[in-house]
Amino acid sequence: MLLENKVCVVTGGTRGIGLACVRAFLAEGAKVALWGSRRETVDAALATLRAEAGDAPVMGMAPDLTDAAAVASTLDEVVAEWGRLDVMVNNAGISQSTPLLDYTPEEFQKAMDLNVTAVFNGCQAAARIMVPQGGGSIVNTSSMVSLYGQRSGVGYPTSKFAVNGLTKSLARELAPAGVRVNAVAPGVTATDMVAALPDEVVARISQGIAMGRPGTPEEVADVFCFLASDRASYVTGTVVSVDGGALF
Ligand code: NAD
C-alpha cells in the first residue's frame, strides 16, 4: 500500500476533494486526522467513514486554520496520539465569483486568510515537526485558476497563485531537510457545488475541458496519494494539474 502506517492530516477533510483524499489515504493504509471548520461537520464525516469501515484509524479536529497557534497545537495533538507526522495536506479553501467593482475589502481578505494564511500556517507547523523528524510530504490544494486566472472573483485566483508561490519556495527551502512540498491544481471537480449545477451549465463548462466532463474528487485524490507517498520521492516544487486538459 502506498501510505502504509503514514500519519496524515487533511484540512477541509469533511467533504469534497478533502474527504476523497481521506478515503484514499485510509485505503492506502494511512492513519488520518481530518480537519474541518466545525465540530458538527467533522463528527458527521467521522460517522460516515466509520460506517464504511468501522475500525478505520481516523480522528477529527476543528481548529481555526487562520490562527497559527491553534494549527500548531492541533498538530501536536496528532503527534501525541500517533507519534509522528508524515503528510500534511493543506486543502481547505473558499472560492469567490464577485465582480471587481462589487468586491469588499473584507471579502478579498477572507480569501487571503483561508486560502493563503491558513496554508502558510499549515506548512510552517508541519515543517516544525517534519524537519527534526527527518522528512515528510506537504501537499497544498491549488486550482487551475492559478494558471489561467478567472473572469470574475479575482481574490480566488490571486490566492491560488500565492499557494503556488508558497509551494515552490518552500520546496526549495525544505528540500535539504527531506521535506517535499507540492501542489495539486484541480480543474472543475464534481464536488457538491458542481453536482448542484443544472445539466446545461455543466455541459457548457465541459466544452472548455478537453476530456469533455468535470473530474471526480476520487480522480483528484489519486494524485494527492501519489504526491504524499514515497513513490514521489524525487518530486518537489511541482504544481500538478488534474483538470482533464482544461482549455481555458
Ligand atoms: P468544498 O466546499 O466541498 O469543501 C471545502 C472544505 O474546506 C470543507 O471540508 C470545509 O469544512 C473546509 N472549509 C471551508 N471553510 C473553512 C474554514 N473557514 N476553516 C476550515 N475549513 C474550512 O470544496 P472542494 O471543492 O472540495 O474544495 C477543496 C479545495 O479544492 C479548495 O482549496 C478549493 O479551492 C480547491 N478546488 C476545488 C475545485 C472544484 O471544482 N471543486 C477546483 C479547483 C480547486
Side-chain angles (χ1 to χ4, degrees), residues 9-24 32-46 48-49 58 60-68 70-71 74 88-97 106-107 109-123 139-150 153 155-164 166-167 183-197 201-202 205-206 208-209 211 213-221 223-224 227 239-244 246 248:
V9 171
V10 179
T11 75
T14 58
R15 59 174 196 258
I17 291 168
L19 182 58
C21 284
V22 173
R23 284 197 175 100
V32 186
L34 70 85
W35 293 6
S37 55
R38 289 183 297 120
R39 190 68 242 178
E40 307 86 79
T41 52
V42 168
D43 287 342
L46 290 175
T48 303
L49 291 165
V58 61
M61 291 101 153
D64 177 357
L65 300 177
T66 64
D67 177 343
V71 170
T74 309
M88 180 76 195
V89 174
N90 295 298
N91 167 73
I94 43 162
S95 65
Q96 293 175 342
S97 57
E106 293 75 19
E107 192 178 1
Q109 189 59 49
K110 202 172 164 191
M112 297 304 127
D113 287 347
L114 185 64
N115 296 2
V116 185
T117 304
V119 174
F120 169 82
N121 289 342
C123 289
V139 190
N140 300 320
T141 306
S142 183
S143 167
M144 70 176 180
V145 304
S146 75
L147 305 171
Y148 306 108
Q150 67 182 22
Y156 183 62
T158 301
S159 70
K160 295 298 189 180
F161 272 76
V163 169
N164 294 1
L166 270 166
T167 300
V184 175
V188 181
T189 308
T191 55
D192 293 349
M193 193 181 67
V194 173
L197 293 174
V201 175
V202 176
I205 292 171
S206 298
I209 302 170
M211 292 180 72
R213 63 169 177 87
T216 66
E218 292 74 22
E219 288 174 309
V220 177
V223 179
F224 278 85
L227 292 172
V239 179
V240 182
S241 291
V242 188
D243 60 12
F248 297 94

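Quick caveat: nothing in here was measured; it's all calculated off a predicted structure. Ligands are counted one by one from 1 in listed order, and the atoms in each one are counted from 1 as well. These numbers come from the heavy atoms of this one structure, side chains and all, not from hydrogens, waters or symmetry mates.
- Under the 4.5 Å side-chain criterion, counting only non-hydrogen atoms from C-beta, Val9 is not in contact with Thr74.
- Between atom CZ of residue Arg15 and atom OG of residue Ser37 there is a gap of 6.5 Å, rounded to the nearest 0.5 Å.
- Scored by the salt bridge (charged side-chain N to carboxylate O under 4.0 Å, His left out) test, Glu219 finds Arg213 as partners (sequence neighbours excluded).
- Ser142 and Asn164 share a side-chain donor-acceptor pair at under 3.5 Å.
- A donor-acceptor pair under 3.5 Å links the side-chain atoms of Asn91 to the main chain of Gly12, judged by distance alone.
- Among protein residues, Gly12, Gly13, Thr14, Arg15, Gly16, Ile17, Ser37, Leu65, Asn91, Ala92, Gly93, Leu114, Thr141, Ser142, Ser143, Tyr156, Lys160, Pro186, Gly187, Val188, Thr189, Thr191 come within 4.0 Å of ligand 1, judged on heavy atoms.
- Judged purely by atom type and a 3.5 angstrom limit, Asn121 uses its side chain to pair as donor or acceptor with the backbone of Leu65.
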